[in-house]
Student: 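Starting off with a structure, shown below.
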Number of protein chains: 2
Amino acid sequence: MTNAHDMLFRTLADPTRRAIFERLCREGEQTVGALTAQSGVSQPAVSKHLGLLRQAGLVRDRHEGRQTHYSAQLAALAPLTDWTNQMNAFWQSRFDDLENLLKRMDQ
Amino acid sequence: MTNAHDMLFRTLADPTRRAIFERLCREGEQTVGALTAQSGVSQPAVSKHLGLLRQAGLVRDRHEGRQTHYSAQLAALAPLTDWTNQMNAFWQSRFDDLENLLKRMDQ
DNA sequence: GGGATCGATAACTCTTTGGCTATTGATCGA
DNA sequence: TCGATCAATAGCCAAAGAGTTATCGATCCC
């Protein structure tokens, strides 16, 4: 029962990794070195996080000489928005049912 | 640097736990027994998940005799929506900057 | 060509976490 | 009152995951 939301939620659950993604959203394309500089963890750790973010579709990489530039792929957040909307829809739907019930009781 | 989104993302990252929350959104208030029946894991596991969901503010509990009824607290999802909107805002803001730059270059 | 830099990978450690069984406390019903 | 049921807790175990250092391949520059 593991659906597509899984990787998305799990990937964003780690604070270090989410901070990297947030920074890419804020400041646009960044090299691994630049991201490492302010991440508080080692370069290999950052590379691993970027790998997971890429697997989740949240970032793209672009190679230029020996540097790798990463950028946020905002569209990948859509399933998250959809999921939230769906939860709200479920809630609303049950509320409507209750409303209908009350209306019928009113008659 | 651990902000409030942390617990929310982390809590929703586990598929079993998220399924429980989704069910509460879909079907409204449920007892622990009912939730356990279709969760695929043991009752103590479900109780633990419910404890974490409650800590994250995602569910409420209501005691009635020896049963405990849980219900979804949809408002707790707000920070998630906010976060997504903020990421989009960052993105949009950078896009606007680019647009301004291009406009200035055009002059 | 040879040293330096950049980023990915390998190999390892340690902590966290999700699961289990067993048990307890509380309430219900006969 | 006594057995049964409900949910929470305790205690344990195995797997996952985030971090580290060491290293490698590739590119750059002198």
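Here is how names work: the chains are called A, B, and so on, in the same order as the sequence lines, proteins then strands, and each is numbered from 1.
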Student: Search all heavy atoms of P79(B) against all heavy atoms of L8(B) and return the closest pair with its distance.
Tutor: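 Nearest pair, atom of P79(B) first, then L8(B): CB-CD2, 3.9 Å.
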Student: Considering every strand and a 4.0 Å limit on heavy-atom distances, what is the contact class for S47(B): base, sugar-phosphate, or nothing?
Tutor: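 Touches a base.
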Student: Without decimals, in angstroms, what is the distance between Q67(B) CD and dC6(D) C1'?
Tutor: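 After rounding, the gap between these two atoms is 7 Å.
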Student: Looking only at heavy atoms, what is the nearest atom pair of L35(B) and R23(B), with distance?
Tutor: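 Looks like CA-NH1, 3.7 Å.
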Student: Pull out every residue in residues 28-37 of chain A that has a heavy atom closer than 4.0 Å to any atom of DNA chain D, ordered by number, or say none.
Tutor: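 Those residues: none at all.
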Student: How long is the line joining CZ of R62(B) and C1' of dC6(D), in whole Å?
Tutor: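 Distance check: R62(B) CZ to dC6(D) C1' gives 15 Å.
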Student: To the nearest 0.5 Å, what is the distance between CD (Q92(B)) and SG (C25(A))?
Tutor: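 If I round to the nearest 0.5 Å, the distance is 12.5 Å.
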Student: Please list, chain by chain and in numerical order, all residues satisfying ring-ring contact (aromatic ring centres under 6.0 Å, His included) with F9(A), sequence neighbours excluded.
Tutor: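 Residues passing ring-ring contact (aromatic ring centres under 6.0 Å, His included) with F9(A): W83(A).
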Student: I need the CE-C1' distance between M7(A) and dA16(D), as an integer number of Å.
Tutor: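 Nearest whole value for this atom pair: 15 Å.
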Student: My understanding is that only residues two or more places apart in sequence, or in another chain, count here; which of them pass side chain to side chain contact (heavy atoms under 4.5 Å, CB included) with A34(B)?
Tutor: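 Expected list: Q30(B), T31(B).
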Student: How many Å lie between CG on L53(A) and P on dA8(C), as a whole number?
Tutor: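 Checked: the CG to P distance equals 12 Å.
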Student: Please determine if a side-chain N or O atom of Y70(B) lies less than 4.0 Å away from the OP1 or OP2 oxygen of dA8(D).
Tutor: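 Yes.
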Student: Take atom CD of Q55(A) and atom P of dT9(C), then tell me their distance rounded to the nearest Å.
Tutor: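 To the nearest whole Å, that distance equals 11 Å.
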Student: For R26(B), check side chain to side chain donor-acceptor pair (under 3.5 Å) against everything at least two apart and list the hits.
Tutor: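 Result, side chain to side chain donor-acceptor pair (under 3.5 Å) vs R26(B): none returned.
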Student: Could you run through nucleotides 18-30 of chain C and give me one letter per nucleotide, 5' to 3': B if any protein heavy atom sits under 4.0 Å from the base, S if only the sugar-phosphate is that close, - if neither?
Tutor: BBSBB----BS--
Student: Quick one: are M87(A) and F21(B) in side-chain contact, heavy atoms under 4.5 Å?
Tutor: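 Side chain of M87(A) against side chain of F21(B), heavy atoms only: contact under 4.5 Å found.
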Student: Donor-acceptor pairs under 3.5 angstrom involving side-chain atoms of residues 43-60 of chain B: please list them, not counting sequence neighbours.
Tutor:
from	atom 1	to	atom 2	distance (Å)
Q43(B)	NE2	S47(B)	OG	3.1
H49(B)	ND1	R17(B)	NH1	3.2

Student: Where do D6(A) and P15(B) come nearest, in terms of heavy atoms and distance?
Tutor: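 Heavy atoms only, the tightest pair is OD2-CG, 3.2 Å.
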Student: When the distance from CG of D61(B) to P of dC6(D) is rounded to whole Å, what number comes out?
Tutor: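 For the pair D61(B) CG and dC6(D) P, the rounded distance is 18 Å.
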Student: Using whole Å, report how far NE2 of H63(A) lies from P of dC6(C).
Tutor: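 Rounded to the whole Å, the gap is 16 Å.
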